[in-house]
S.K.: 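Before we start, here is the structure in question, set down as structure tokens.
Sequence lines set the chain letters: A, B, ... in the order given, protein chains first and strands last, and positions in each chain run from 1.
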Protein chains: 2
Amino acid sequence: MSDDSAWAEPLQNYLSKNGLRLTNQRKLIAQTFFETEGHLNFEQLYEAVRTRDSNIGQATVYRTLKVLVESGLANSSRFGGNSALYEPAITDDHHDHLICTECGLIIEFCDEEIESRQNVVAKQNGFALKDHTMELYGSCQRTNAQCPKR
Amino acid sequence: MSDDSAWAEPLQNYLSKNGLRLTNQRKLIAQTFFETEGHLNFEQLYEAVRTRDSNIGQATVYRTLKVLVESGLANSSRFGGNSALYEPAITDDHHDHLICTECGLIIEFCDEEIESRQNVVAKQNGFALKDHTMELYGSCQRTNAQCPKR
DNA sequence: CTGCATGCAAAAAATTTGCATGAGG
DNA sequence: CCTCATGCAAATTTTTTGCATGCAG
């Protein structure tokens, strides 16, 4: 692990470009956010951040999360839950989601063919593609086989 | 336009299967929901419903929306806004979204190649695919050309 | 008739905002 | 130093819930 990860420079960049400051809180929140793999909601991030610095207020986490999303370093979505979910936008291998509507299982995957096709579609519509999210919903093997809940 | 649309029977079906009732409110809300094209949030739907029957409470709309989602007739997501967005799950031609992160423009599209590929991926992971959502984010032509806001 | 559904309003949850103080550049 | 950021708490916004009564089956 290198000292400064892939997000550090882009973030720094975005901040200074917009007259914002790289405070200790922002650093810590970003660090925590990017270290955690997968998606997490506000509460999870807030809790994780508080572990390291119990003085950080929730408003700061919300505000930082907003900065991260606006800077393009994070994405927010919602799978069906009540609160917003966040995930790093810059991952070495981008992954999409296969979600079981019965048991909540989430599998991550990446399909080259789809990825390239997305670029085609975007171009056809005059878009410069930056990112995407894709969620496939269905019922997983286990659930199909021995549906435990019904 | 036929009297009863594609959603009527599945809904009826889901309701009776779960011991729920097809009330006038549910009928009206579903009707309004499916008549409106594209995505809409709670407020929009509530307002539209109130136009037809000003006595319906918001709780009922929320509850019905939940029923629609659980029955698989509607999908909820969130593009970045503050509140959940809903859209019919059963459309003749399923569409995905191309979203401009600069100006908020939403273009709907459908790509056969991606669709079929999704099925392959799902099968590979042992999933019985029911539905999916896909959002491509980028900046649109207009925004790219003459970025009006900056 | 019986029990689920509704409307209302209150409650809970999620997110934003105002303000005095602290700290980055 | 000057301005933006923070923490706190209050304010908003969004969604859920309890309860008496209404209505579908």
S.K.: In whole angstrom, give the distance that lies between atom CG of B/Asn18 and atom C1' of D/dG25.
M.R.: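 Going from B/Asn18 (CG) to D/dG25 (C1'), I get 16 Å.
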S.K.: May I have the distance from A/Ile29 (atom CD1) to D/dA5 (atom P), rounded to whole angstrom?
M.R.: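 So the CD1-P distance, A/Ile29 to D/dA5, works out to 12 Å.
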S.K.: Encode nucleotides 16-21 of chain D as B, S and - characters from 5' to 3', where the letter depends on protein heavy atoms closer than 4.0 Å: B to the base, S only to sugar-phosphate, - to neither.
M.R.: BBB---
S.K.: Calculate the interatomic distance between A/Glu70 atom CD and C/dT16 atom P; express it in whole Å.
M.R.: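 It is 10 Å, rounded to the nearest whole Å.
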S.K.: Would you mind reporting whether A/Leu20 and A/Arg26 have side-chain heavy atoms less than 4.5 Å apart?
M.R.: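 Of all side-chain heavy-atom pairs linking A/Leu20 with A/Arg26, at least one is under 4.5 Å.
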S.K.: Is it the case that atom CD in B/Glu35 sees more than 12 heavy atoms from other parts of the structure closer than 6.0 Å?
M.R.: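 Check passes, neighbour count above 12.
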S.K.: Could you tell me whether the side chain of A/Asn41 and the main chain of A/Glu43 form a donor-acceptor pair under 3.5 Å?
M.R.: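 Looks like yes, one N/O pair under 3.5 Å.
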S.K.: Bend angle of the helix from C/dC1-D/dG25 to C/dG25-D/dC1 from five-pair axes at both ends, rounded to 10°?
M.R.: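 For the helix from C/dC1-D/dG25 to C/dG25-D/dC1, the axes at opposite ends meet at about 50°.
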S.K.: Is the backbone of B/Ile56 close enough, under 3.5 Å, to the side chain of B/Arg50 for a donor and an acceptor to pair up by distance?
M.R.: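 Present.
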S.K.: Would you please classify the geometry between the B/His39 ring and the B/His97 ring as parallel, tilted or perpendicular, with 30° and 60° separating the classes?
M.R.: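 Tilted.
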S.K.: Hey, does the side chain of B/Asn125 reach the backbone of B/Val121 with a donor-acceptor pair shorter than 3.5 angstrom?
M.R.: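 Checking the backbone N and O of B/Val121 against the side chain of B/Asn125, a donor-acceptor pair under 3.5 Å is found.
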S.K.: Heavy-atom distance under 4.5 Å between the side chains of B/Phe109 and B/Leu136, does that happen here?
M.R.: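 In short, these two side chains touch, coming nearer than 4.5 Å.
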S.K.: A/Glu43 has an atom CD; how far is it from atom P of C/dA14, in whole Å?
M.R.: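 Result: 7 Å.
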S.K.: Using the side chain to side chain contact (heavy atoms under 4.5 Å, CB included) rule, take B/Phe33 and B/Thr64 through it: C-alpha gap first, then chi angles, then the decisive distance, then the call.
M.R.: CA-CA 10 Å; B/Phe33 176 69; B/Thr64 300; over 6 Å; no
S.K.: Rounded to the Å, how far apart are B/Leu15 CG and D/dC23 C1'?
M.R.: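 Distance check: B/Leu15 CG to D/dC23 C1' gives 15 Å.
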S.K.: Pick one: which of B/Thr60, B/Val67, B/Asn24 meets side chain to side chain contact (heavy atoms under 4.5 Å, CB included) with B/Ile29?
M.R.: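 Exactly one pass, corresponding to B/Thr60.
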S.K.: In B/S/- notation, 5' to 3', how is nucleotides 20-25 of chain C contacted by protein heavy atoms closer than 4.0 Å?
M.R.: ---BBS
S.K.: How about B/Tyr86 and B/Thr36: do any of their side-chain heavy atoms sit closer than 4.5 Å?
M.R.: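 In short, these two side chains do not touch, never coming nearer than 4.5 Å.
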S.K.: Which comes earlier along DNA chain C counting from the 5' end, the contact point of B/Tyr46 or that of B/Arg26, where each point is its nearest nucleotide?
M.R.: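 The residue closer to the strand's 5' end, by nearest nucleotide, is B/Arg26.
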S.K.: Quick one: A/Leu65 CG to D/dT6 P, roughly how many Å, whole number?
M.R.: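 Rounded to whole Å, this separation is 13 Å.
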S.K.: Round to a whole Å and report the spacing from CG of A/Asn41 to P of D/dT14.
M.R.: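 Those two atoms, CG and P, are 19 Å apart.
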S.K.: Nearest-Å distance, CD (A/Gln25) to P (D/dC4)?
M.R.: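 To the nearest whole Å, that distance equals 17 Å.
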S.K.: CD of A/Glu115 to CD of A/Glu113: how many Å apart, nearest 0.5 Å?
M.R.: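 Answer rounded to 0.5 Å: 11.5 Å.
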